[in-house]
Asker: 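Shown below is the structure under consideration.
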Amino acid sequence: MNTGKEHHPSKKSTPAVESKGALLEIQDLHTHFHTPEGVVRALSGVDLRLNEGRTLGIVGESGCGKTVLALTILRLIPQPPGRIAKGKIFFQGVDLLSLDDKGIREIRGNKISMIFQEPMTSLNPVFTIGSQIEEVIALHQPHLATTRRQARDVTVQMLDMVGISSPGKRIDDYPHQLSGGMCQRIMIAMALACKPSLMIADEPTTALDVTTQAQILSLMKDLKDETGTSIILVTHDLGVVANSCDEVAVMYTGHVVEYAGIESIFASPLHPYTKGLMRSIPTIEARKRGEILHTIPGNVPMGKDVPQGCTFNNRCEEVMDICRKEYPPVFVPAEGHSVRCWRYRR
Amino acid sequence: MNPLLKIRGLKKTFPLTSGIFRKASGHITAVDGVDLDIFADETLGLVGESGCGKTTLSKIILALEEADAGSVLFDQTDIRKARGVELAKLRKGIQVVFQDPFGSLNPRKRVGSIIEEPMIIHNEGTKRERREKTRELMSMVGLHEDMLDRYPHEFSGGQRQRICIARALAVHPRLLICDEPVSALDVSIQAQVINLLVDLQKKLNLSYLFISHNLSVVGYISHRIAVMYKGRIVELSQADSLFSRPLHPYTKCLMEAVPEPVPGRAKGFGYVKKGEGGLSGSLTGCPYQPLCPQATELCSKESPRFEEKEQGHFVACHRAG
């Protein structure tokens with residue numbers, strides 16, 4: 001499947017980015033799960049590149065491998081049943097998959113941190129939020145917190161930074177005393193406590209109201225500008241992507257099927273799956289015109305249901321003969337815009 | 001024309017308790033004087049953030065929750081006063097589809113008996129007729145009849161939501177309350193379920209109360225939309241005019257907060273204020289006043305009346321118009 005040069009889609013992104021160098025580079029990454037029903041290929045050959053100070057959006061429906069990708073980067077995949085079968089993840093030049101447990105622990109939370117979808121369940125209910133943030137600081141940045149008083153001061157600063165009002169008082173609150181949006185702010189504070197170079201946010205706003213979502217997204221944007229942290233934003237909401245990402249990778253059955261800069265993917269989506277996703281979004285204009293919503297027939301296939309050839313061929317409107325036989329390699333029909341679809345074979 | 005469902009002056013408060021003896025320490029007004037009409041064959045969208053009282057309102061309509069004051073007339077019979085046989089009959093006419101398609105199906109029952117259950121409860125038909133009807137319902141919502149003997153875990157989220165819809169339609173309701181029916185689904189599956197709901201409405205002359213926090217979904221499916229904030233309806237209008245000319249500052253805030261799938265359209269979030277607008281006890285003045293960018297002194301003193309500012313466009317705001 002390796003097609004040489006074409007295999008690294010992001011190498012052809014905008015020139016301004018290239019000069020900054022890659023923070024994270026993923027090459028041919030495979031993660032498999034061994035289940036009684038057989039091997040599930042959650043990731044089957046992912047190539048991605050993220051430059052410093054950029055936000056990469058990863059979109060796709062549930063079951064397409066977005067979260068597995070995020071967890072694989074941090075090596076949080078439970079093994080067994082999971083197994084990182086193949087591939088390389090270069091972070092600041094170091095292959096994360098070659099590190100031992102101690103080595104990866106120094107990266108986790110320190111240089112790469114993660115925000116999960118459900119803020120309420122990600123916090124420990126029996127400790128105050130202050131002690132949970134202090135724990136992160138004491139663990140990863142002990143020089144910042146030689147005394148408890150010092151740790152507390154740093155924590156108050158963190159809370160203030162993420163926009164918690166009266167942080168000196170809130171620091172002694174328990175998670176249940178806070179709303180969902182505030183809990184997510186706490187999670188962001190924890191994630192940023194060690195000034196990571198990369199923050200992975202897995203559906204950070206999915207559980208929140210639209211107004212709270214808007215606040216959290218603009219907070220993440222501001223903090224990114226302030227600290228220069230790169231972000232991987234995993235989401236299924238194309239609206240969120242359009243508002244906060246620089247590049248987008250669309251995933252389907254463990255492959256990145258399309259990768260492009262934000263402008264070009266919304267202006268001219270290439271992969272039939274991406275087009276389908278965009279057309280499924282209901283709008284009031286569509287209703288005025290009396291249109292029936294566009295749908296992608298069927299569901300995301302899992303395990304043994306994944307078809308031969310292109311994995312999207314059973315739901316695709318533009319399917320051709322070759323799609324049923326062979327999985328498409330990466331084609332680059334436009335500068336910085338790559339796609340895995342036979343339609344774009346030159 | 002008489003509305004199918006007529007809600008007038010509906011109120012519901014919950015006591016707030018504290019300490020191990022559950023001492024009352026105040027109250028939360030979940031529904032605060034709501035007036036709403038739903039007409040036949042109409043979809044009324046209800047939007048608002050979590051905690052604004054949407055679900056409590058729907059539970060009162062379903063007679064699952066007892067209101068403190070006001071009336072809920074379904075087909076000119078008051079649900080709050082109905083008892084026994086009369087209540088059972090009313091309940092048959094109002095069915096519900098919940099948000100979580102995983103939690104709302106009994107995992108130990110086969111899909112066939114799940115869909116059949118409402119018919120058994122309401123004594124409809126013989127066993128054979130019910131089986132026949134179940135098959136009919138399955139194909140109506142786009143499921144294969146052979147799936148009758150499967151268990152819920154064998155279905156995907158979208159298919160489960162179809163099962164929930166089939167179950168709700170089993171006893172020929174006239175009003176279907178859809179409480180966030182597509183929020184748990186992926187966007188392509190969401191579109192399938194929305195199309196199904198639109199299609200069923202035409203076929204079966206159903207009315208929907210469509211509750212959601214997703215404005216684009218509500219805008220697509222609804223004829224009229226009501227915006228709820230802290231237990232009150234603050235704006236009500238035809239879907240088109242609500243989107244083209246929102247009058248209430250809160251509605252504007254909601255619309256601005258929705259991230260549009262158009263890159264480069266940077267969001268100012270001008271209306272999206274920091275601060276937490278949780279439910280609190282009774283306020284004087286407009287409930288949105290602490291967060292409202294247009295608030296004046298009048299807003300903190302006097303509660304605005306819910307008035308018709310334009311043809312068919314109602315709003316409760318001193319500054320609108």
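Values reported hereafter were calculated over all heavy atoms of this structure, with side chains retained and with hydrogens, waters and symmetry mates removed. Throughout, a chain's letter reflects where its sequence line sits, starting with A, and its residues are numbered from 1.
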Asker: For the side chain of A/Q213 and the backbone of B/A257, is there at least one donor-acceptor N/O pair under 3.5 Å apart?
Answerer: no

Asker: Do the side-chain N and O atoms of A/S280 and B/Q190 include a donor-acceptor pair separated by under 3.5 angstrom?
Answerer: no

Asker: Around A/E226, counting heavy atoms of other residues, nucleotides and ligands shown, do more than 12 lie under 6.0 Å from its CD?
Answerer: yes

Asker: For the backbone of A/S62 and the side chain of B/D186, can you confirm whether one donor and one acceptor N or O come within less than 3.5 Å of each other?
Answerer: yes

Asker: Any salt bridge (Lys or Arg N to Asp or Glu O under 4.0 Å) pairs touching residues 217-228 of chain B, not counting sequence neighbours?
Answerer: B/E42-B/R224

Asker: Which one wins on heavy-atom pair count under 4.5 Å against chain B: A/G276, A/G60, A/G298?
Answerer: A/G298

Asker: Pick one of side chain, backbone, both or neither for A/V241, based on which atoms fall under 4.5 Å of a heavy atom in chain B.
Answerer: neither

Asker: Between OH of B/Y220 and CD1 of A/I281, what distance do you get to the nearest 0.5 Å?
Answerer: 13.5 Å

Asker: In terms of heavy-atom proximity below 4.5 Å to chain A, should B/I221 be classed as side chain, backbone, both, or neither?
Answerer: backbone

Asker: For the residue pair B/L254 and A/V210, establish whether any side-chain heavy-atom pair is separated by less than 4.5 Å.
Answerer: yes

Asker: Which atoms of B/I194 are under 4.5 Å from chain A, going by heavy atoms: the side chain, the backbone, both sets, or neither?
Answerer: side chain

Asker: I want to check something: taking the side chain as every heavy atom from C-beta on, are A/L238 and B/V187 in contact at a cut-off of under 4.5 Å?
Answerer: no

Asker: Mark yes when over 12 heavy atoms from residues, nucleotides or ligands other than A/I292 sit less than 6.0 Å from its CD1; otherwise mark no.
Answerer: no

Asker: Which answer fits B/N195, side chain, backbone, both or neither, if we ask what part of it has an atom under 4.5 Å from a heavy atom of chain A?
Answerer: side chain

Asker: Side chain, backbone, both or neither: which part of B/S156 has an atom under 4.5 Å from a heavy atom of chain A?
Answerer: side chain

Asker: Quick one: which of B/G157, B/G48, B/S188 has the most heavy-atom pairs under 4.5 Å with chain A, could you say?
Answerer: B/S188

Asker: In Å and rounded to the nearest 0.5 Å, what is the CD to OG1 distance from B/E256 to A/T211?
Answerer: 12.0 Å

Asker: State which residues pass side chain to side chain donor-acceptor pair (under 3.5 Å) with B/Q238; sequence neighbours excluded, sorted by chain then number.
Answerer: none

Asker: Tell me the closest heavy-atom pair linking B/E260 and A/N243, and the distance in Å.
Answerer: O-ND2, 3.3 Å

Asker: Please state whether the side chain, the backbone, both or neither of A/R279 comes within less than 4.5 Å of a heavy atom of chain B.
Answerer: neither

Asker: Is it the side chain or the backbone of B/S183 that comes within 4.5 Å of chain A heavy atoms, both, or neither?
Answerer: neither

Asker: If you measure from CG on B/L196 to OG1 on A/T295, what distance do you get to the nearest 0.5 Å?
Answerer: 11.0 Å

Asker: Checking heavy atoms, do the side chain of B/V198, its backbone, both or neither come under 4.5 Å from chain A?
Answerer: neither

Asker: Which atom pair, heavy atoms only, marks the closest approach of A/H294 to B/A191?
Answerer: O-CB, 3.4 Å

